[in-house]
S.K.: 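If you scroll down you'll find the structure; I have some questions about it.
Quick caveat: nothing in here was measured; it's all calculated off a predicted structure.
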Amino acid sequence: MEETTSLKDILYTLKGQFKLLILLPVIAIAFTAIVSFFLLTPKYQSDTQLLISQTNGGLDQAFTQTEIRTNIELINTYNEIIKNARILEPVILETNVDLTTSQLDKMITVSTANESQVIKISVEDTSPEQAVLLANTIAQVFESEIPEIMNVDNVNILSPAKIDESLSPISPNPYLNMAIAAVVGLMLSIAVVFILEYLDTTIKTEKDIEEALKLPLLGSVSNMDTMQESTKKYT
């Protein structure tokens, strides 16, 4: 019974601050929309794929499990080499971009899907054309440098990055950001409502008097202004 009463109190408190519950999420959504649509710079991503084959070439030759496992272990080494200055410095020189190796490193993500022998190089940039240029140049430089670095010739470009006019930015995602802002704004507004309720020590109802004095209420005085208005209305 006590839990039912507490739930009613919570709902009553929220109902009393209904405007605040609506206002804060609306402000959060509007602020997030302005930032996402007008202030944040869109970023684009371009991907290129490299195929790691057997060290002796022979793509048509059947692989053994040992050879595949060895190549997968090599891929982990290749992932580190791709982001090394040995590869990134020639890329910067060839593309003539105004970046340091550290800045370019942060723009690159190297991954391998499902332990396959395919390495995906992803580049994020504010320019889709530059993202494509960097991704393809990294793949080309890596393919040409790896024989000298590892004394192997088993890297081939499987799928180069291409400029797609319909390419959409990967970030920001305005609608996802607005949805998150709505949830955060609602949670914040609920917290503000209960903080205001906790700090409000004024007595508004008979129940407040009973709780403050710890005594039962024997009677109450009606609002005289309301009674006078009702009397005037019927005389």
S.K.: If you measure from CD1 on I92 to CD1 on I138, what distance do you get to the nearest 0.5 Å?
M.R.: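 If I round to the nearest 0.5 Å, the distance is 9.0 Å.
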S.K.: Under a 4.5 Å cut-off applied to non-hydrogen side-chain atoms, are K83 and K106 in contact?
M.R.: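 No, side chains not in contact.
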S.K.: Check the pair R86, I81 against side-chain contact (heavy atoms from CB on, under 4.5 Å), reporting the backbone distance first and the verdict last.
M.R.: CA-CA 8 Å; R86 174 74 179 269; I81 294 175; 6.0 Å; no
S.K.: Closest heavy-atom contact between A135 and A161?
M.R.: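 Minimum heavy-atom separation between A135 and A161: CB-CB, 4.1 Å.
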S.K.: State, with a plain yes or no, whether a side-chain heavy atom of Q130 is found less than 4.5 Å away from one of V97.
M.R.: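 Yes, side chains in contact.
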S.K.: Is V192 reachable from F194 through a run of hydrophobic residues whose side-chain heavy atoms are each under 4.5 Å from the next?
M.R.: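 Shared cluster, yes.
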S.K.: How many angstroms lie between CG in L188 and CG in L20, if you round to the nearest 0.5 Å?
M.R.: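 These two atoms lie 8.5 Å from each other.
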S.K.: From Q17 CD over to L23 CG, what is the distance, rounded to the nearest 0.5 angstrom?
M.R.: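 If we round to the nearest 0.5 Å, Q17:CD and L23:CG are 11.0 Å apart.
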S.K.: For the CG atom of N79 and the OG atom of S111, what is their distance to the nearest 0.5 Å?
M.R.: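 If I round to the nearest 0.5 Å, the distance is 8.0 Å.
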S.K.: Check F37 against P174 and note the closest heavy-atom contact, atom names and distance.
M.R.: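 Looking at all heavy atoms of both residues, the shortest contact is CZ-CB, 3.5 Å.
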S.K.: Which atom names give the shortest non-hydrogen contact between P147 and S144, and what distance separates them?
M.R.: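 Nearest pair, atom of P147 first, then S144: CD-O, 3.4 Å.
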S.K.: Do Y78 and M150 have side chains that get closer than 4.5 Å, going by heavy atoms?
M.R.: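 Answer yes - side chains close enough.
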S.K.: Would you say the side-chain atoms of Q49 and D47 include a donor-acceptor pair closer than 3.5 Å?
M.R.: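 No donor-acceptor contact under 3.5 Å links the two side chains.
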S.K.: Looking at every heavy atom in both G185 and P25, which two are closest together, and how far apart are they?
M.R.: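 The answer is C-CG, 3.7 Å.
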S.K.: Backbone N or O of T100 within a donor-acceptor pair of the Q103 side chain at under 3.5 Å?
M.R.: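 Present.
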S.K.: Hydrophobic cluster membership, with links at side-chain heavy-atom distances under 4.5 Å among I/L/V/M/F/W/Y: are L99 and L133 in one?
M.R.: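 L99 and L133: separate clusters.
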S.K.: Using the rule that Ile, Leu, Val, Met, Phe, Trp and Tyr join whenever any side-chain heavy atoms are under 4.5 Å apart, tell me whether I149 and I52 fall into a single cluster.
M.R.: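 Per the 4.5 Å side-chain linkage, I149 and I52 are co-clustered.
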S.K.: Check E94 against T137 and note the closest heavy-atom contact, atom names and distance.
M.R.: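 Result for this residue pair: OE1-CG2, 3.7 Å.
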S.K.: Set out, in order, the CA-CA distance, both residues' side-chain angles and the distance that settles side-chain contact (heavy atoms from CB on, under 4.5 Å) for L186 and L24, then state yes or no.
M.R.: CA-CA 7 Å; L186 181 60; L24 284 182; over 6 Å; no
S.K.: Test of understanding: clusters of I, L, V, M, F, W, Y form through side-chain heavy atoms closer than 4.5 Å, transitively. Do M107 and V132 belong to the same one?
M.R.: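 As far as the 4.5 Å side-chain criterion goes, V132 and M107 are not connected within one cluster.
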S.K.: To the nearest 0.5 Å, tell me how far L93 CG sits from E89 CD.
M.R.: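 Here the interatomic distance stands at 7.5 Å.
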S.K.: Do the non-hydrogen side-chain atoms of Q45 and S122 ever get within less than 4.5 Å of each other?
M.R.: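 A side-chain contact under 4.5 Å exists here.
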S.K.: Can you tell me if F31 has over 12 outside heavy atoms packed within less than 6.0 Å of its CZ?
M.R.: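 Counting other residues, nucleotides and ligands, CZ of F31 stays at 12 neighbours or fewer.
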S.K.: Using the rule that two of Ile, Leu, Val, Met, Phe, Trp, Tyr join whenever any of their side-chain heavy atoms come within less than 4.5 Å, decide whether I190 and V184 are in one cluster.
M.R.: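 No.
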S.K.: Atom CD1 of I121 and atom CG of L50: how far apart are they, to the nearest 0.5 Å?
M.R.: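 Reported value, rounded in 0.5 Å steps: 4.5 Å.
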S.K.: Work out which heavy atom in V141 is nearest to a heavy atom in I87; give both atom names and the distance.
M.R.: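 For V141 and I87, the tightest heavy-atom pair comes out as CG1-O, 3.7 Å.
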S.K.: Do N177 and T32 have a side chain donor and acceptor closer than 3.5 Å?
M.R.: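 Looking only at side-chain atoms, T32 and N177 do not form any donor-acceptor pair under 3.5 Å.
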S.K.: Do T112 and K120 pass the side-chain contact (heavy atoms from CB on, under 4.5 Å) test, and can you show the C-alpha distance, the side-chain angles, and the key distance before you say yes or no?
M.R.: CA-CA 6 Å; T112 306; K120 184 171 76 173; over 6 Å; no
S.K.: Using the side chain to side chain contact (heavy atoms under 4.5 Å, CB included) definition, which of the options L158, I157, L134, V123 pairs with T48?
M.R.: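 For T48, the side chain to side chain contact (heavy atoms under 4.5 Å, CB included) test succeeds with only one of L158, I157, L134, V123, which is I157.
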S.K.: side-chain contact (heavy atoms from CB on, under 4.5 Å) between L88 and I108: does it pass, once the steps are laid out?
M.R.: CA-CA 10 Å; L88 299 186; I108 302 170; 3.6 Å; yes
